[in-house]
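Structure record follows, encoded as structure tokens.
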Protein chains: 2
Amino acid sequence: MKPGPATKSSTHAAIEPKRRPTINDVARLANVSKKTVSRVINQSPFVNKETRERIDAVIKDLGYAPDPVARGLASRRSYLVGLIYDNPNPQHVIDTQQGILDIIRGSGLELVVHPCNRRDKDFLAGVRGFIDRQKLAGVVLPSSVSEDDDLVAVLRESETPYVRIASVLLDEPENSIVTNDREGARQAAEHLAGLGHKVIAHVSGPDTFRSSHERRAGFVEGLKAAGLQLDKKLDLRAGYTFQSGVEAGRRLMANQTRPTAVFCGNDEMAAGVCQAIRETGLDICKDISVVGFDDSPLASRLWPALTTVLLPIRSTGRMASVRLLGDRLTKEPLEDDDLGEVHPRLVVRASSGPVTKS
Amino acid sequence: MKPGPATKSSTHAAIEPKRRPTINDVARLANVSKKTVSRVINQSPFVNKETRERIDAVIKDLGYAPDPVARGLASRRSYLVGLIYDNPNPQHVIDTQQGILDIIRGSGLELVVHPCNRRDKDFLAGVRGFIDRQKLAGVVLPSSVSEDDDLVAVLRESETPYVRIASVLLDEPENSIVTNDREGARQAAEHLAGLGHKVIAHVSGPDTFRSSHERRAGFVEGLKAAGLQLDKKLDLRAGYTFQSGVEAGRRLMANQTRPTAVFCGNDEMAAGVCQAIRETGLDICKDISVVGFDDSPLASRLWPALTTVLLPIRSTGRMASVRLLGDRLTKEPLEDDDLGEVHPRLVVRASSGPVTKS
DNA sequence: TCCCTTATTGCCACCGGTGTCAACGCCTGA
DNA sequence: TCAGGCGTTGACACCGGTGGCAATAAGGGA
């Protein structure tokens, strides 16, 4: 095998240990200029069919793959997709991330994750540095940062493509993904009202998140549609965290009129409320129904399993990526809900049931 | 605002909208060659103090930051750290990721996440492509992939620095982080034995993970130390997932001699076992004690809160990064356990208690 | 005083691609 | 026969840094 005419190695002596083939190697072997090779790898239509085939053959033979770093330098655009987030909820991050990866896998693009903290004084400087050092192919902004106007301004200024994921339609529909949290919360309200609950509490997320407002608003709408309204004393603000949910739950339990049902702005807080209920010695569902939001893994692991509103975060990650990079990347046809919009859906489990006389 | 003398732009006419300063700009203004500037940004010791100060001043004045892409091309080393994983457990991923980010934040390095699936036939090709396209500054291999010899071979071949996180000491101590899972499991066994349990079951993770074996082995050791042993019928293999835990739990509940305690290879499975126990109508802790492993967020959200073994995954991510990049990056002193080794610790909560007569 | 070091610095090629634009061959219509 | 147009290709500069090595200045020893 060794002797005889060189199979795929070039004819001249090759002392070098091994080196990734470059565009020059391809050009030489295909007897064209490197510019033409460049055209081929960039799928330019201005290449003769035969030339293209010849080059493709050489590329395949050599196992050539263009160097993303060099391409990045020359074209002033890297082959990296950024995910910028500021999130109290790791599950959200992982899901969005996974959605993006679903789309870019195998495309040569890579995902760079960049957490930040909007309360830091140099938050913007940090993100700005990131953005204009790496000249990202695109950036996905999940709901935790999608409404930060300063951030968006930085992105726009640096001419970096971006897609925003938010609970409501923003001013740039063409690069937004809407999650319609309000719809989901409305379903939760209808569900509880339908079970006969009248005294229903709400534990919402922090004021700084649009989703908190949307979920609360949808819930209030749902109640109203059922002829109910949200008692101020049963309308608590918490922080989207488990611990804040525990505290809110304790306050509810200590309230003079105890609710028969609680709708929480997310599953973490719902788990916290469940804990508070149990501390009181009451039963979830039998005594007090609890409904969460997100359908995080936690929801199905609790006992009784949590009734919640499924928010397909991973899908939003996928949709955002498609928006960002075009659908040329997606081999598999996307689920038909790829219209830049996603609809939450109530998942009824065991933590909610009909109101019982007491 | 448009008219008027340019504020901070250079004196000559600047038609260009705005452009990031380059090393050339710095060199020109500091009156040195760009090579010298390069030396300064790379902290070369062979630069005259005054020259360095002059250049630093210009850099600061201009707000110059070197382009990582260009640097990557020239030096054949990118400024990206890779995290390669193949993990059934998102929480693990998020924690490791966060640990790495703790260290590289603000250093100019960025984190690229690259999931893979070791059962795919082209798994290795995919990872190899990733690795030698991006010439990573370093790669962190969490336990899910750290013992894949093929993968490690690829890394070594491409001369990419890497650190492996594993449950036991590997053959390359200098670039490994050890989690000592065995110790943790032993503590769990001692805990349960100390509570008087004799009939103790174990639900372990999949055969393909070293950690499954280590945790099981540590558990068996602990039992043995207490004069107990693991009944074959109570020694179940599951898959580290919630669902597999439910199924294992159901099998245990159906077993002729029901255990009074169960130690699970991770919290997810423990949650599954809890569910199975409840389905049977039994009480966790009172009837059957359950102990998990990981101390994931789930553990404290369950009711009763899960006794488990805390495994500081985030710390391992931090330690791995330090190993990889040296401690020059870490502003804050690292916790003193930075010896390439981490020790699990039992966290007693409410899911385990003394054995009760029945 | 001269040669050899050591400390600093600059020159220039190069990393592996892309952008710009000119050039070439061939066909068409005048 | 010739200008013009289309399809295709290549030459060359350039992206923004780093590597290798020579050049230069200053200091020390013989």
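Fair warning: this is a prediction, and the values are worked out from it, not measured in the lab. Proteins get letters first, then strands, A, B, ... in listed order; numbering begins at 1 in each.
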Quiz item: Given dG17(C), dT9(D), dT18(D), which nucleotide is nearest the side-chain atoms of Thr36(A)?
Solution: dT9(D)
Self-check item: Out of dG17(D), dG16(C), dC15(D), whichever nucleotide has its closest atom nearest the side chain of Leu73(B)
Solution: dG16(C)
Quiz item: Closer to the 5' end of DNA chain D via nearest nucleotide, is it Arg52(A) or Lys34(A)?
Solution: Arg52(A)
Quiz item: When the nearest nucleotide of DNA chain D is assigned to Ala70(B) and to Arg39(B) on a heavy-atom basis, which residue is associated with the more 5' position?
Solution: Ala70(B)
Exercise. Measure from the side-chain heavy atoms of Ser33(A) and tell me the nearest of dT18(D), dG16(C), dG10(D).
Key: dG10(D)
Quiz item: Could you give the CZ-to-C1' distance, from Arg19(B) to dC15(D), as a whole number of Å?
Solution: 11 Å
Quiz item: Considering only dG16(C), dC11(C), dT20(C), which nucleotide approaches the side chain of Lys35(A) most closely?
Solution: dT20(C)
Exercise. Check each residue of residues 40-51 of chain B for a non-hydrogen atom within less than 4.0 Å of any atom in DNA chain C, then write out the ones that pass by number, or none.
Key: Phe46(B), Val47(B), Asn48(B), Thr51(B)
Quiz item: Which residue lies toward the 5' end of DNA chain C, Asn31(B) or Ser75(B), if each is placed at its nearest nucleotide?
Solution: Asn31(B)
Give me, pair by pair, the N or O atoms of the protein and of nucleotides 25-27 of chain C that are less than 3.5 Å apart, along with how far apart they are.
none

Self-check item: Selected nucleotide, minimal atom distance to Ile23(A) side chain, candidates dT18(C), dT18(D), dG16(D)
Solution: dT18(C)
Quiz item: Under the side chain to side chain contact (heavy atoms under 4.5 Å, CB included) criterion, do Arg77(B) and Thr160(B) qualify, and how do the steps go?
Solution: CA-CA 9 Å; Arg77(B) 232 350 104 208; Thr160(B) 302; 4.1 Å; yes
Practice problem: For Phe130(B), check ring pair (Phe, Tyr, Trp, His ring centres under 6.0 Å) against everything at least two apart and list the hits. | Solution: His114(B)
Quiz item: Checking only heavy atoms, does the side chain of Arg76(B) share a donor-acceptor pair with the base of dG17(D) at less than 3.5 Å?
Solution: no
Quiz prompt | Lys/Arg N to Asp/Glu carboxylate O, Arg54(A) vs Glu50(A), below 4.0 Å | solution = no
Quiz item: Strictly by modelled atom types, are Tyr79(B) and Arg133(A) linked by a side-chain donor-acceptor pair under 3.5 Å?
Solution: no
